[in-house]
Engineer: 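Provided herewith is a single structure, encoded as structure tokens, for subsequent inquiry.
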Amino acid sequence: MALPQTGPQDYASITEYVKEKLPQNDFILVAESFSGPVAARLAKEGVEHLQGVIFVATFLSKPHWLLLSIARALPLKLLSALPFAKPFVKALFLGSAASNELVEQFQSIVDSLPPRVIKARLSSMLSLSFSAELIELPVGYIQATSDYLVSSNKVTEFSACFRELQVRSVEGPHFILQANPAKSAEVISELVEIFGKQTGKGGVTF
């Protein structure tokens, strides 16, 4: 599901936007990176038909505050056109093994976002603070083993909120779904099967 490219970019507003687009049958959310706090809000609200959440390389409090602060102050679209942009994208987001095609797709997505939206989302991440509150819902967390943007300690925040958190590690960088799709899909399928046993339901949308 694409996030809004216009209007407010704070987490409360984006959560309301996403809520209007959720399926009307049982479903599982897969929430990567910036989207994690949105899924956590939906889980906390107990939205109808939500059967579980799979969080991927994400956070409940601000991630790497220094990198976020620097990124917010830089002209990101201008930087993406510079010669060192591809090695930078590989190092931080997609891994050294990423193909040129994947890197170009990533840059194209970034370039398609209005600068105002990018900076507003960075500000939203910087304003996040963690507050432990137990939520009864099947939840998994996929942790990228070479994530330089989200500390491995962030998983403890999820453990404090979700009683039966299922944690799985997948080898690769921050955007692990794109960098290691085969292994990520395998883990997601495993977690969906576990959720089905916990809820007694199968055939859900995700």
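Values below: all heavy atoms of this structure, side chains included; hydrogens, waters and symmetry mates excluded. For clarity, every value in this text was computed on a predicted model and none was experimentally measured.
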Engineer: At their closest point, which heavy atom of A40 faces which heavy atom of L60, and how far apart are they?
Structural biologist: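 Scanning both residues, the minimum pair turns out to be CB-CD2, 3.6 Å.
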
Engineer: Would you sort out whether I188 and L177 count as a side-chain contact (heavy atoms from CB on, under 4.5 Å), showing the intermediate values?
Structural biologist: CA-CA 10 Å; I188 288 172; L177 297 184; 4.1 Å; yes

Engineer: Report yes if some heavy atom in the side chain of T58 is under 4.5 Å from a heavy atom in the side chain of V150; otherwise report no.
Structural biologist: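 A side-chain contact is absent here, since even the closest heavy-atom pair is not under 4.5 Å.
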
Engineer: Please report the shortest heavy-atom distance between L191 and G140, naming the atom on each side.
Structural biologist: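 Nearest heavy atoms, L191 then G140: CD1-CA, 4.2 Å.
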
Engineer: Drop me the distance from L126's CG to S61's OG, to the nearest 0.5 angstrom.
Structural biologist: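 Spacing of CG (L126) from OG (S61) equals 11.5 Å.
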
Engineer: Using a strict threshold of under 4.0 Å (side-chain N to carboxylate O), is an ion pair present between K183 and E171?
Structural biologist: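 Not counted as a salt bridge, because no side-chain N and carboxylate O are separated by less than 4.0 Å.
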
Engineer: Check step by step if side-chain contact (heavy atoms from CB on, under 4.5 Å) holds for V155 and L165.
Structural biologist: CA-CA 9 Å; V155 74; L165 179 69; 4.1 Å; yes

Engineer: Between S112 and I109 (side chain of the first, backbone of the second, donor and acceptor by atom type, cut-off under 3.5 Å), is there such a pair?
Structural biologist: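 Flag set: sc S112 to bb I109 pair under 3.5 Å.
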
Engineer: Tell me whether the centres of the aromatic rings in F34 and F59 are closer together than 6.0 Å.
Structural biologist: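 No, too far apart.
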
Engineer: Which atoms form the tightest heavy-atom contact between I14 and Q9, and what is the distance?
Structural biologist: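 So the two residues come closest at CD1-O, 3.5 Å.
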
Engineer: For a 4.5 angstrom cut-off between non-hydrogen side-chain atoms, does E186 reach V170?
Structural biologist: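 SC-SC contact between E186 and V170 ruled out.
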
Engineer: CG/L122 to NZ/K119 distance, rounded to the nearest 0.5 angstrom?
Structural biologist: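 Spacing of CG (L122) from NZ (K119) equals 7.0 Å.
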
Engineer: Go through the steps for S13 and D10 under the test side-chain hydrogen bond (donor to acceptor under 3.5 Å, both in side chains), then give the verdict.
Structural biologist: CA-CA 6 Å; S13 298; D10 60 279; 2.8 Å; yes

Engineer: Considering only heavy atoms from C-beta outward, does the side chain of E164 approach that of P138 to under 4.5 Å?
Structural biologist: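 Sidechains of P138 and E164: no contact.
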
Engineer: Using ring centroids (six-membered ring only for Trp), state whether F158 and Y141 fall under 6.0 Å.
Structural biologist: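 Yes, they do, as the ring centres are separated by less than 6.0 Å.
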
Engineer: Please assess K90 against N100 for the test side-chain contact (heavy atoms from CB on, under 4.5 Å), listing each intermediate value before the final yes or no.
Structural biologist: CA-CA 10 Å; K90 286 187 175 185; N100 287 333; 4.2 Å; yes

Engineer: Which distance, rounded to the nearest 0.5 Å, do you find between the CZ of F175 and the CG of L94?
Structural biologist: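 Here the interatomic distance stands at 7.5 Å.
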
Engineer: Measure the NE2-CG distance between H49 and L22 for me, rounded to the nearest 0.5 Å.
Structural biologist: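 The NE2 atom of H49 sits 10.0 Å away from the CG atom of L22.
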
Engineer: Looking only at non-hydrogen atoms, find the nearest pair between K19 and E16 and report the distance.
Structural biologist: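 For K19 and E16, the tightest heavy-atom pair comes out as NZ-OE2, 3.0 Å.
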
Engineer: Out of curiosity, S169 OG to I176 CD1, how far, rounded to the nearest 0.5 Å?
Structural biologist: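 These two atoms lie 9.5 Å from each other.
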
Engineer: Taking the side chain as every heavy atom from C-beta outward, state whether I142 and V167 have any atom pair closer than 4.5 Å.
Structural biologist: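 With C-beta onward as the side chain, the pair stays apart.
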
Engineer: Kindly give the heavy-atom pair with the smallest separation between S131 and C161, and that separation in Å.
Structural biologist: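 S131 and C161 have their closest heavy atoms at O-SG, 4.3 Å.
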
Engineer: Hey, mind stepping through K62 and S127 against side-chain hydrogen bond (donor to acceptor under 3.5 Å, both in side chains) and telling me if it holds?
Structural biologist: CA-CA 7 Å; K62 60 189 172 199; S127 69; over 6 Å; no

Engineer: With a 3.5 Å distance limit and no angle check, can you tell me whether S35 reaches the backbone of V38 through a side-chain donor-acceptor pair?
Structural biologist: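 Flag not set: sc S35 to bb V38 has no pair under 3.5 Å.
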
Engineer: Regarding E32 and Q178, is there a side-chain donor-to-acceptor distance under 3.5 Å anywhere?
Structural biologist: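 Their side chains do contain a donor-acceptor pair, which is all the 3.5 Å distance test asks for.
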
Engineer: Please examine the side chains of Q143 and R168, heavy atoms only from C-beta on, and report whether any two atoms are closer than 4.5 Å.
Structural biologist: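 Heavy-atom side-chain distance check fails, nothing below 4.5 Å.
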
Engineer: Is the closest side-chain heavy-atom distance between P173 and D147 below 4.5 Å?
Structural biologist: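 They are not in contact (no side-chain heavy atoms under 4.5 Å apart), so the answer is no.
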
Engineer: Within the supplied structure, the quantity of interest is the number of heavy atoms (other residues, nucleotides, ligands) at a distance under 6.0 Å from Q5 CD; does it exceed 12?
Structural biologist: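 Yes - once you tally the heavy atoms of other residues, nucleotides and ligands closer than 6.0 Å, there are more than 12.
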
Engineer: Take V18 and L3 through the side-chain contact (heavy atoms from CB on, under 4.5 Å) test and state the conclusion after the steps.
Structural biologist: CA-CA 7 Å; V18 170; L3 298 181; 4.0 Å; yes

Engineer: Do you know the tightest heavy-atom contact between L149 and P63?
Structural biologist: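 Heavy atoms only, the tightest pair is O-CB, 3.5 Å.
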
Engineer: A side-chain contact here means heavy atoms from C-beta on lying under 4.5 Å apart; do L113 and V110 qualify?
Structural biologist: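 In short, these two side chains do not touch, never coming nearer than 4.5 Å.
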
Engineer: Using only atom types and a distance under 3.5 Å, with no angle test, would you say the side chain of S108 pairs donor to acceptor with the backbone of E104?
Structural biologist: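 Judged by distance alone, no pair lies under 3.5 Å.
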
Engineer: How long is the span from the CD atom in E157 to the CZ atom in F55, to the nearest 0.5 Å?
Structural biologist: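 One finds 11.5 Å between CD of E157 and CZ of F55.
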
Engineer: Quick one: does R163's side chain get under 4.5 Å of L137's, heavy atoms only?
Structural biologist: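 When only atoms from C-beta onward are counted, L137 and R163 do not touch, as no gap falls below 4.5 Å.
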
